[in-house]
Amino acid sequence: MTVPKEYDPHIIEPKWRDSWNMSMYHFDWKDKSRPQFIIDTPPPYPTGNFHIGNSLNWCYIDFVARYKRMCGYNVMFPQGWDCHGLPTEVKVEETYGITKNEVPREEFRRMCRELTIGNIEKMRSTMLNLGFSTDWSNEFVTMEPEYYSKTQRSFRKMYDMGRLYQSEHPVNWCPRCETAIAFAEVEYDSRETMLNYLHFGDLEIATTRPELLAACVAVAINPEDERYCAYVGSTVKVPLFGHEVKVIGDMAVDPGFGTGVVMICTFGDKQDVRWWVEHGLPLRKAIDKNGLMTEIAGKYAGMTIPDCKRAIVEDLKKEGYLFEQKPLDQNVGMCWRCDTPIEILSERQWFIKIDTDEVSKASNEIKWLPEYMKVRLDNWTGTMEWDWCISRQRLFATPIPVWYCKHCGEVMVAKEDWMPVDPTQQEPPQTCKCGSSEFEAEEDVLDTWMDSSITALHVSGWLTDHEMRLPTQLRPQGHDIIRTWAFYTILRSMAIQGKRPWDAILVNGMVLGQDGHKMSKSLGNVISPEEVIKDYSADAFRQWAAIGGSPGSDVMFRWKDVVSASRFFAKMWSIYRFSMSHLEDYEHDDYKHSGPDISGLKIVDRWLLSNLNRLIGSVTMSMDNYQFDEAFKAIRGFTWDILADNYIELVKSRLYGEDEAGKNAARYTLYVTIDALSRLLAPFAPFFAEEMFSGIGNGSVHVQSWPKVNGSMIDADAEASGEFIKDVAGSVRRYKSDHGMALNAPLEKIEIYGTLDDITDVLGATNSPVEIIAGEPDFEHVPVSVKPNMGVIGPKFRGQAKAIINALAEENPKKIADEIVNGRITVSVNGDMLELDPDCVEVEKEVVSAGRAVDVLDINGIPVVIVR
RNA sequence: GGGCCCGUGGUCUAGCCGGUUAUGACAUCGCCUUUACACGGCGGGGGUCAUGAGUUCGAAUCUCAUCGGGCCCA
């Protein structure tokens, strides 16, 4: 087999991508013999761009999926698409130059669908290029009836459980998107606003929202504030509007803020809502759904909020109410989609009751990776005040399956067997209790988190003929959506099935640009995975993902990491090419059937195989702990430092030599190592590993088993001897280098004063005669210093340790060295004689040559004499 | 204001339930074309492990404080 000199990923990667039979990654619903490993893959929003952040997360998922499959699990790595939502609506409006109200509802939804289908296609292509082992037989698309009927059925089920209700309640409202949004969708940003001081009846208040004067329903003071406590119970007149409001006392009022008097409006902020509820205040709606002032704002009616604010401030000044203005830094809640400041409006909405105890209980059963991410969920659940508002006033989303009877107003929630259903297009198939068959459709739609919070249920086979497989094994996701997707999924899984959705959650970090900042178009630091594939390779990108940082931490994208990844593949390829040139006519089946003849292996072979088995052990452990960076670094270290830089150099003479037994031992070792490495690399570099494995094995590497540690090959003696040979070869190489000699130049003789059974590879590697000599050489080792071994002395002598160290420093090294030979060291500590074990110290010796024309190398205390 | 994470050579990073000379990558400098690889090999320089205090025989590692950075929330 001829292996090309250079590895060209632009040929190899498309070759495998196009020839792989993806059915090898399918989950087997019927198989009960293998343990299941179901991944609750995040369904990305189909923007048409599978970006680098997605890619990092998917690399992690793919590492796990491929690893678990090789370990014998029945793995499901499904792929979903979370289609519904505002961005698509906005994009459609932009693309066609329309607004959603200008075309029929169904037409608008069709446009959204089409855009989404095209976007999914683009993202799928990137995913295939990145080599993900997606199970496409378990793909789901939330806008398809098959999926959203499940969303609707979940609505019905939770309605029947009494966990869903409709109510007029204050909600966060985005005036631009004209929809209610959940708290999870509110982002905060600090902005400078003006704090306005107003004469307010006999009182003085400070407010940042003078435009809400029309909505003022009370004035509050702290009852312990002596300046104002007498006013509690009285009424004051609202400036400009003239209506009378009560003065109430509430401990939540901060006497130190502003004047210590605050006006309560319906609603300026969340605190207003709390007061409104606690004190049973009336409701005055001054802002409508479009963000315009209502009738109660009198002459300001119809104005936008900022216009109204300006006009009212102007009038307050004119009328002499406003006596001071101070700038104030304030955190403003904004819509996460469009950054418009949100308002709190009271509207009739659908809500899901939140049971935080239930969520906490499930969260405690789930293994969080990294563990500290759990705190984020706990903090969120601990501060929830309102239920989850699930209705939205948009179009492209799952319809709320509800009608209202026109006669008696009764709510008719669709039955499960009517679903999927769009109440705006269909009439209920039965009449109302009151006998009427005239209904009004619910036009609101569901929050998209209602779709995506049942992914775990969906992939587990919920509402199908398959056996239910909940809990799934792994939820991989970003830390930015812990309070949304993770929270809602747990809530829904517990409510509907009474089970935790997953055994473990693996939280990935965000990808930062080369400059250390979050990737964003405005900073111009965005890199697409397709770019990386084009310039380097998918495997190199995947290696960056593996090695760039431990899961959970934010990872910087750096081109040089991709470059060094490509270099590793170049190196590995070169090793592979070298190995294959020696394995051409090699019949590895002999070894396969009868097992390796260990006795035929040389020390260096056993040293390598011992290290290989240790590698397998450590990589397996890292993979089990989702420590991909550790795993890959270990593979890289073994390959480069042990296999390439040392083993191959040491066995070259055997491989090119005449001794068949020695040659075969090296070939066997190379074969086993290449085989194991291709399997270890398979989860990380599926293309490269496949190419490698195709040269030595049958079938795809991705259906092979994960290598197992062969304990009998782990041999500390072989490791020590092998290490020694490696060190001798290395030292001699360095010696030649230092003395300006060619590295293959022969030396007259090398004398090793120690024990070594097999000198074959030392001979080969040094290209010089080697003699093993028992006993001491004709030069002296002079002990020059004694180094205390703190790891032994510390725990043993505790408080005395320091005194012993000092005492040892005083002693004559020669005396200590002599005592070590006798097995007991005595040392005088503060006048007392103490006995120490020899392992308490290390004696450093200096070699003094006895007049021969030689150079002496000291290798781990063993003298090696070089005769030139 | 509260919570979480982090601060290690020029840059990024490992180590962090205390114990040899603090890991590796990139960068840098010197030497080397040796029959897998110059996208390579060998070697060198470069760190008060943010600062200060404490616990301890011993601290990058544990505790507290300070400073700085990031994230989540109010």
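Below, each value reflects all heavy atoms present in this structure, side chains not excepted, and no hydrogens, waters or symmetry copies. Since the structure is predicted, the reported quantities are computational estimates derived from the model, not experimental observations. The chains referred to below are lettered A, B, ... by the order of the sequence lines, with proteins before strands, and numbering in each begins at 1.
- Separating the C1' atom of B:U33 from that of B:G40 is a span of 10 Å, rounded to the nearest Å.
- Straight-line distance from the CH2 atom of A:W573 to the C1' atom of B:C37: 13 Å, rounded to whole Å.
- Under the Watson-Crick and G-U wobble criteria, each requiring two contacts below 3.5 Å, nucleotide B:G1 is paired to B:C73.
- For the residue pair A:F63 and A:R542, the shortest heavy atom distance occurs at CZ-O, 3.4 Å.
- Going from the P atom of B:A22 to that of B:A59 covers 15 Å, rounded to whole Å.
- When the P atom is used for both B:A60 and B:A74, the distance is 40 Å, rounded to whole Å.
- Separating the CE atom of A:M556 from the P atom of B:G70 is a distance of 12 Å, rounded to the nearest angstrom.
- Across all strands shown, A:K5 has heavy atoms under 4.0 Å from sugar-phosphate atoms exclusively, and none from any base.
- B:G18 makes up no base pair with any nucleotide shown, lacking Watson-Crick or G-U wobble contacts both under 3.5 Å.
- The CG atom of A:L512 sits 14 Å away from the C1' atom of B:U13 (whole-angstrom rounding).
- Among the protein residues, A:D480 comes within range of no part of the nucleic acid, since none of its heavy atoms lies under 4.0 Å from any strand.
- Here the nucleotide nearest the side chain of A:D645, chosen from B:G15, B:C37, B:C42, is B:C42.
- Only the P atoms considered, B:C72 is 22 Å distant from B:U8, to the nearest whole Å.
- Position along RNA chain B of the nearest nucleotide to A:A570 versus A:F578 favours A:F578 as the more 5'-ward residue.
- Across B:C49 and B:C12, the matching C1' atoms stand 15 Å from one another, rounded to whole Å.
- Residue A:S363 comes nearest to A:W368 through the heavy atom pair O-NE1, 3.2 Å, listed as atom of the first residue, atom of the second, then distance.
- Comparing A:E649 and A:E630 by the nucleotide of RNA chain B that holds the closest heavy atom to each, the one mapping nearer the 5' end is A:E630.
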For A:N611 and A:Y647, run side-chain hydrogen bond (donor to acceptor under 3.5 Å, both in side chains): C-alpha distance rounded to whole Å, both residues' side-chain angles, the deciding distance at 0.1 Å, then the answer. CA-CA 11 Å; A:N611 274 292; A:Y647 179 76; over 6 Å; no
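- Scanning both residues, A:V253 and A:G260, for their nearest heavy atoms gives CG1-O, 3.6 Å.
- Base pairing analysis places B:A25 opposite B:U11; the two distances defining the Watson-Crick or G-U wobble pair are each below 3.5 Å.
- Taking atom P in both B:A50 and B:C16, the straight-line distance is 16 Å, to the nearest Å.
- Base pairing of B:A38 is not made with any nucleotide, judged by Watson-Crick or G-U wobble geometry with both donor-acceptor distances under 3.5 Å.
- In this entry the distance linking CZ of A:F568 with P of B:G40 reads 13 Å, nearest Å.
- A:N508 contributes no side-chain N or O that, together with a main-chain N or O of A:P476, makes up a donor-acceptor pair within less than 3.5 Å.
- Going from atom CG of A:D727 over to atom C1' of B:C42 covers 14 Å, rounded to whole Å.
- Taking both residues in full, the closest heavy atoms of A:L195 and A:G258 are given as CD2-CA, 4.4 Å, listed atom of the first, atom of the second, then distance.
- Side-chain contact between A:L512 and A:V555 is absent, with no heavy atoms from C-beta onward closer than 4.5 Å.
- For the residue pair A:R376/A:N379, the side-chain donor-acceptor check at 3.5 Å is not satisfied.
- The NZ atom of A:K534 sits 15.5 Å away from atom CZ of A:F541, with the distance rounded to the nearest 0.5 Å.
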Under-3.5 Å N/O pairs linking protein and nucleotides 17-26 of chain B:
from	atom 1	to	atom 2	distance (Å)
B:G19	O6	A:P795	N	3.4

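- For the pair A:M510 CE and B:G69 P, the interatomic distance rounds to 22 Å; values are reported in whole Å.
- Judged by the 6.0 Å and 45° rule, A:R475 forms a cation-pi pair with A:W485.
- Nucleotide B:C39 holds its C1' atom 16 Å from the CG atom of A:D535, rounded to whole Å.
- Taking the C1' atoms as reference points, B:G68 lies 31 Å from B:U21, given to the whole Å.
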Tabulated below should be each protein N or O lying under 3.5 Å from an N or O of nucleotides 2-7 of chain B; please produce it.
from	atom 1	to	atom 2	distance (Å)
B:G3	O2'	A:N379	ND2	2.8

Does A:D761 form a salt bridge (charged side-chain N to carboxylate O under 4.0 Å, His left out) with A:R654? I'd like the steps, not just the answer. CA-CA 7 Å; A:D761 293 323; A:R654 258 197 281 152; 2.7 Å; yes
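- Spacing of C1' atoms, B:C29 relative to B:G46, comes out at 11 Å, to the nearest Å.
- As a whole-Å value, the separation of A:L643 CG from B:C37 C1' is 12 Å.
- Across all strands shown, B:G54 is found opposite B:C62 as a Watson-Crick or G-U wobble partner, with both distances under 3.5 Å.
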